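Quick notes on the structure that follows.
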Amino acid sequence: MTTDAIPALRQRMIEDMTARQLGPHSQRSHIYSCKRFAAFLKRSPDTATLEDIRRFQLYLAETGTSICNRNRVMTGLRFLFRVTLRRLDLAAEIYHLREPQKIPQVISPDEARRLLAVAGSLKARVLLSLSYGCGLRAGEVVRLKVKHIDSAQKIIRVEQSKGRKDRNVMLSPETLDLLRQWWRDRPTRGDAGTPLQARWLFPSKKSGRGASKPMTTRQLSRLFHEAADAAGIRKNVTLHALRHSFATHLLERGTDIRIIQALLGHAKLDATARYTRVATGMIAAIESPLDLLSQPPKKLKRSRKDQPSA
């Protein structure tokens with residue numbers, strides 16, 4: 001096996017992923033999976049055998065790799081064997097494990113109010129308000145442009161997000177007011193030569209004379225954790241909890257679950273239905289059958305047919 005074997009195989013795999021329009025994140029994940037497998041084999045993956053696949057899956061289990069990460073690694077390897085190498089016999093040996101179903105972590109409306117109140121800057125408040133008030137993912141927030149804000153129809157257009165889908169979310173008067181305040185204070189570096197509608201709402205601090213770039217999701221996550229600490233939120237929550245809280249709080253206020261599904265951009269209703277398990281307001285309002293035992297039984301009303309005739 002020559003030293004050029006792995007780079008050549010990597011290039012071919014990249015071409016296969018690009019031809020199938022896999023996103024940058026998926027491509028990086030698949031390449032990482034194959035590099036990990038190659039490090040385990042200590043040779044090129046195109047020399048793998050059925051026994052190598054079995055040993056590698058056993059190795060991941062014995063080293064304590066989480067089920068989620070194990071499935072992610074094996075998904076990358078399955079693409080390599082099934083598509084790039086056309087080794088269907090090896091691809092058939094790859095199995096996936098059922099991932100544990102966890103309840104999404106959410107914050108209460110009062111915690112959300114405190115979080116936004118203590119945001120360290122106008123920028124942080126606008127970003128976190130979009131995350132919570134519109135149910136946007138971190139990547140969707142930072143990639144917003146002027147053209148996505150439709151004040152006439154009171155909507156925000158989310159273009160080609162997860163699953164390459166477009167969707168619309170609501171634009172509340174308070175959110176629109178915050179965006180207008182931010183636009184007046186927003187840094188203009190990187191705007192030169194860029195049409196107004198194509199400008200990022202939240203440009204990166206590193207944007208210079210060249211093409212402007214949006215801020216990173218890592219920066220947004222840092223702003224969230226700073227605000228959460230200042231608000232005294234002790235739950236082990238991440239930025240994505242704002243999206244979960246958006247859906248949960250809408251459900252608790254009686255919003256139709258199909259509407260919430262559309263706002264979140266979920267392809268399947270099952271993904272949205274999981275919020276019924278964390279809607280604490282709805283759960284707390286349910287009357288326990290234990291409480292019903294201490295109540296006097298209700299008398300059944302007689303129908304006219306059951307009443308004695310005169």
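Computed from a prediction, not measured in an experiment: that's the story for all the values here.
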Any non-hydrogen side-chain atom of Leu130 less than 4.5 Å from a side-chain atom of Phe202? yes

Using the rule that two of Ile, Leu, Val, Met, Phe, Trp, Tyr join whenever any of their side-chain heavy atoms come within less than 4.5 Å, decide whether Tyr32 and Val83 are in one cluster. no

Of Asp229, Leu239, Leu127, which meets side-chain contact (heavy atoms from CB on, under 4.5 Å) against Phe224? Leu239

Just verifying a value: how many Å separate Ile259 CD1 and Leu264 CG, rounded to the nearest 0.5 Å? 12.0 Å

Just by modelled atom types, is the Asn168 backbone N or O under 3.5 Å from a matching donor or acceptor in the Arg157 side chain? no

Within the 4.5 Å heavy-atom criterion, are Gln27 and Thr18 side-chain neighbours or not? yes

Who are the salt bridge (charged side-chain N to carboxylate O under 4.0 Å, His left out) partners of Arg137, not counting sequence neighbours? Glu140

Among Leu128, Val237, Val106, which residue satisfies the side-chain contact (heavy atoms from CB on, under 4.5 Å) criterion with Leu242? Leu128

Where the side chain of Arg125 meets the backbone of Ala119, is there a donor-acceptor pair that is under 3.5 Å apart? no

Is it true that Ser172 and Thr175 share a donor-acceptor pair across their side chains at a distance under 3.5 Å? yes

Kindly say whether Ile107 contributes a backbone atom to a donor-acceptor pair with the side chain of His249 at under 3.5 angstrom? yes

Hey, does the side chain of Lys165 reach the backbone of Gly265 with a donor-acceptor pair shorter than 3.5 angstrom? yes

So Leu115 and Glu111, do their side chains get closer than 4.5 Å, heavy atoms only? no

Leu58, Phe81: one ILVMFWY side-chain cluster at the under-4.5 Å cut-off? no

Same cluster or not: are Leu179 and Leu122 linked, directly or through other Ile, Leu, Val, Met, Phe, Trp or Tyr residues, by side-chain heavy atoms under 4.5 angstrom apart? yes

Would you indicate whether the side-chain heavy atoms of Thr75 and Ser33 approach each other to under 4.5 Å? no

So, using salt bridge (charged side-chain N to carboxylate O under 4.0 Å, His left out) as the criterion, who are the partners of Glu62 when residues are at least two apart? none

Flag side-chain contact, heavy atom, 4.5 Å: Leu85 against Leu90: no

CD1 (Ile14) and CD1 (Ile31) are apart, to the nearest 0.5 Å, by 4.5 Å

Between Ala273 and Ile257, the two heavy atoms sitting closest are CA-CD1, 3.7 Å

So, are Asp52 and Arg43 salt-bridged, with charged N and O less than 4.0 Å apart? yes

Shortest non-hydrogen separation from Trp182 to Pro187 and the atoms involved: CH2-CD, 3.8 Å

With the 4.5 Å side-chain cut-off for hydrophobic clustering, are Trp200 and Trp183 part of the same group? no

So, does Gln57 use its side chain to make a donor-acceptor pair with the main chain of Glu93 at under 3.5 Å? yes

With a 4.5 Å cut-off on side-chain heavy atoms, are Arg113 and Tyr132 touching? no

For the residue pair Phe37 and Phe56, categorise the inter-ring angle as parallel (less than 30°), tilted (30 to 60°) or perpendicular (more than 60°). perpendicular

Do Arg36 and Leu60 come within less than 4.5 Å of each other through their side chains, counting heavy atoms only? yes

Would a 4.5 Å heavy-atom cut-off, applied to side chains only, mark His244 and Tyr275 as touching? yes

From CG (Leu223) to CE (Met215), nearest 0.5 Å: 5.5 Å

Rounded distance (nearest 0.5 Å) linking atom CD of Gln11 with atom CG of Asp16: 10.0 Å

When rounded to the nearest 0.5 angstrom, what is the spacing between OG in Ser221 and NE2 in His240? 12.0 Å

Between Ser66 (side chain) and Asn69 (backbone), is there a donor-acceptor pair under 3.5 Å? yes

Check whether Ile260 and Ile103 end up in the same hydrophobic cluster, where Ile, Leu, Val, Met, Phe, Trp and Tyr are linked by side-chain heavy atoms less than 4.5 Å apart. yes

Ion pair check, Arg54 and Glu51, cut-off under 4.0 Å: yes

N/O donor-acceptor pairs under 3.5 Å from side chains in residues 144-152, not counting sequence neighbours:
| residue | atom | partner | partner atom | Å |
| --- | --- | --- | --- | --- |
| His148 | ND1 | Lys145 | N | 2.9 |
| His148 | NE2 | Glu159 | OE1 | 3.3 |
| Asp150 | OD1 | Ala152 | N | 3.2 |
| Asp150 | OD1 | Gln153 | N | 3.1 |
| Asp150 | OD2 | Gln153 | NE2 | 2.8 |

Can you check whether Leu263's main-chain N or O pairs, donor with acceptor, with Arg167's side chain at less than 3.5 Å? yes

Can you see whether Asp110 engages Ser108 through a side-chain donor-acceptor pair at a distance of less than 3.5 angstrom? no

Should the pair Arg274-Asp270 be classified as a salt bridge under the 4.0 Å nitrogen-to-oxygen rule? no

For the OG1 atom of Thr188 and the CZ atom of Arg186, what is their distance to the nearest 0.5 Å? 7.5 Å

